[in-house]
2 protein chains.
Amino acid sequence: MRNRIHELRRQGGWSQADLATRLKVSRQTVNALERGRYDPSLPLAFAIARLFGLTIEEVFQPEEDEA
Amino acid sequence: MRNRIHELRRQGGWSQADLATRLKVSRQTVNALERGRYDPSLPLAFAIARLFGLTIEEVFQPEEDEA
DNA sequence: TGCGTATGTAAAGTATGTTTTACATTGCGG
DNA sequence: CCGCAATGTAAAACATACTTTACATACGCA
């Protein structure tokens, strides 16, 4: 699953730690999401989209062959 | 997290087993999702929304106090 | 040079999502 | 009444998401 977290975070001028605080997750989780190590849970995906004022579909793009 | 899976499935005239097949998950997973036992993974949430021709936001509604 | 901030990563542990097997209950059509 | 389809549920096993602690690297700046 592709995501625009890195791009959106930088537009807001935030560090990974800043974003983690706002999302109430660890900095390592933000780092892992940005680096595509795994996908967020659905509740976390909602929190991320809302924080940036976007829909889930605007932040996350499933790859072609994905579920 | 609230979801409209049960309602949407019935509108399509499908059994839980039918839906499970289309989503490539087990019938128990569909049952658990409909009964609100847990939230789907983000990829599965996308698959569900796409199957019904809706956005994630149209199918899933985070509760007020949720992440 | 040396310090502080930001980022990447790893290992161990906990929590959540999903599958498989199996069984119980309900309701409907014969 | 009987049989069958649909649904609910449980336990064990496994996969994925997330936390904590800890350390490494890179960069800018006093």
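Sequence lines set the chain letters: A, B, ... in the order given, protein chains first and strands last, and positions in each chain run from 1. Note that this is a predicted model, so its numbers are computed, not measured.
For the pair A/L19 CG and C/dA6 P, the computed distance is 13 Å after rounding to whole Å. Distance, A/I5 CD1 to D/dA17 P: 12 Å, rounded to whole Å. Between the CG atom of B/L42 and the C1' atom of C/dT16 there is a distance of 14 Å, rounded to whole Å. The interatomic distance linking A/K24 (NZ) with D/dC18 (P) rounds to 15 Å, in whole Å. Across the protein-nucleic acid pair, A/D39 atom CG and C/dT16 atom P stand 18 Å apart, rounded to whole Å. If you take OH of A/Y38 and C1' of C/dT14, they are 13 Å apart, rounded to a whole angstrom. The interatomic distance linking B/I48 (CD1) with C/dT18 (C1') rounds to 12 Å, in whole Å. Rounded to whole angstrom, the span from the CG atom of A/N3 across to the C1' atom of D/dA17 amounts to 14 Å.
Along DNA chain D, the nucleotide nearest B/A32 and the nucleotide nearest B/D18 are compared for position; the residue whose nucleotide lies closer to the 5' end is B/D18. Checking B/S26 against A/R37, the closest nucleotide of DNA chain C that is more toward the 5' end is the one next to A/R37.
Side chains of A/S15 and A/D18: a donor on one and an acceptor on the other come within 3.5 Å.
Under a 3.5 Å cut-off, the side chain of B/Q61 and the backbone N or O of B/M1 do not form any donor-acceptor pair. Side-chain N or O atoms of A/N31 include none that pairs as donor or acceptor with a backbone N or O of A/Q28 at under 3.5 Å. Here the side chain of B/R2 pairs no donor or acceptor atom with the backbone of B/F60 at under 3.5 angstrom.
Paired with B/H6 under the rule side-chain hydrogen bond (donor to acceptor under 3.5 Å, both in side chains), one option of B/R35, B/Q11, B/E34 passes, and it is B/E34.
Comparing atom distances between the A/R10 side chain and each of C/dT7, D/dT20, C/dT18 picks out C/dT7 as nearest. Residue B/T29 has its side chain nearest to C/dT18 when only C/dT18, D/dC18, D/dG8 are considered. With C/dT20, D/dA22, D/dA17 as the choices, the nucleotide that has an atom nearest any side-chain atom of B/Q28 turns out to be C/dT20. With distances taken from any side-chain atom of A/R35 to the nucleotides C/dG8, C/dT19, D/dT19, the minimum falls on C/dG8.
For C/dG8, the OP1/OP2 oxygens have a side-chain nitrogen or oxygen of A/Q16 closer than 4.0 Å. A/S41 has a side-chain polar atom (N or O) that falls below the 4.0 Å cut-off from OP1 or OP2 of D/dC18. The side chain of B/R27 contributes no N or O atom lying less than 4.0 Å from OP1 or OP2 of D/dA5. Note on A/N31: a side-chain N or O is less than 4.0 Å away from OP1 or OP2 of C/dG8.
Side-chain N/O atoms of A/E34 and base N/O atoms of C/dT7 include no donor-acceptor pair closer than 3.5 Å.
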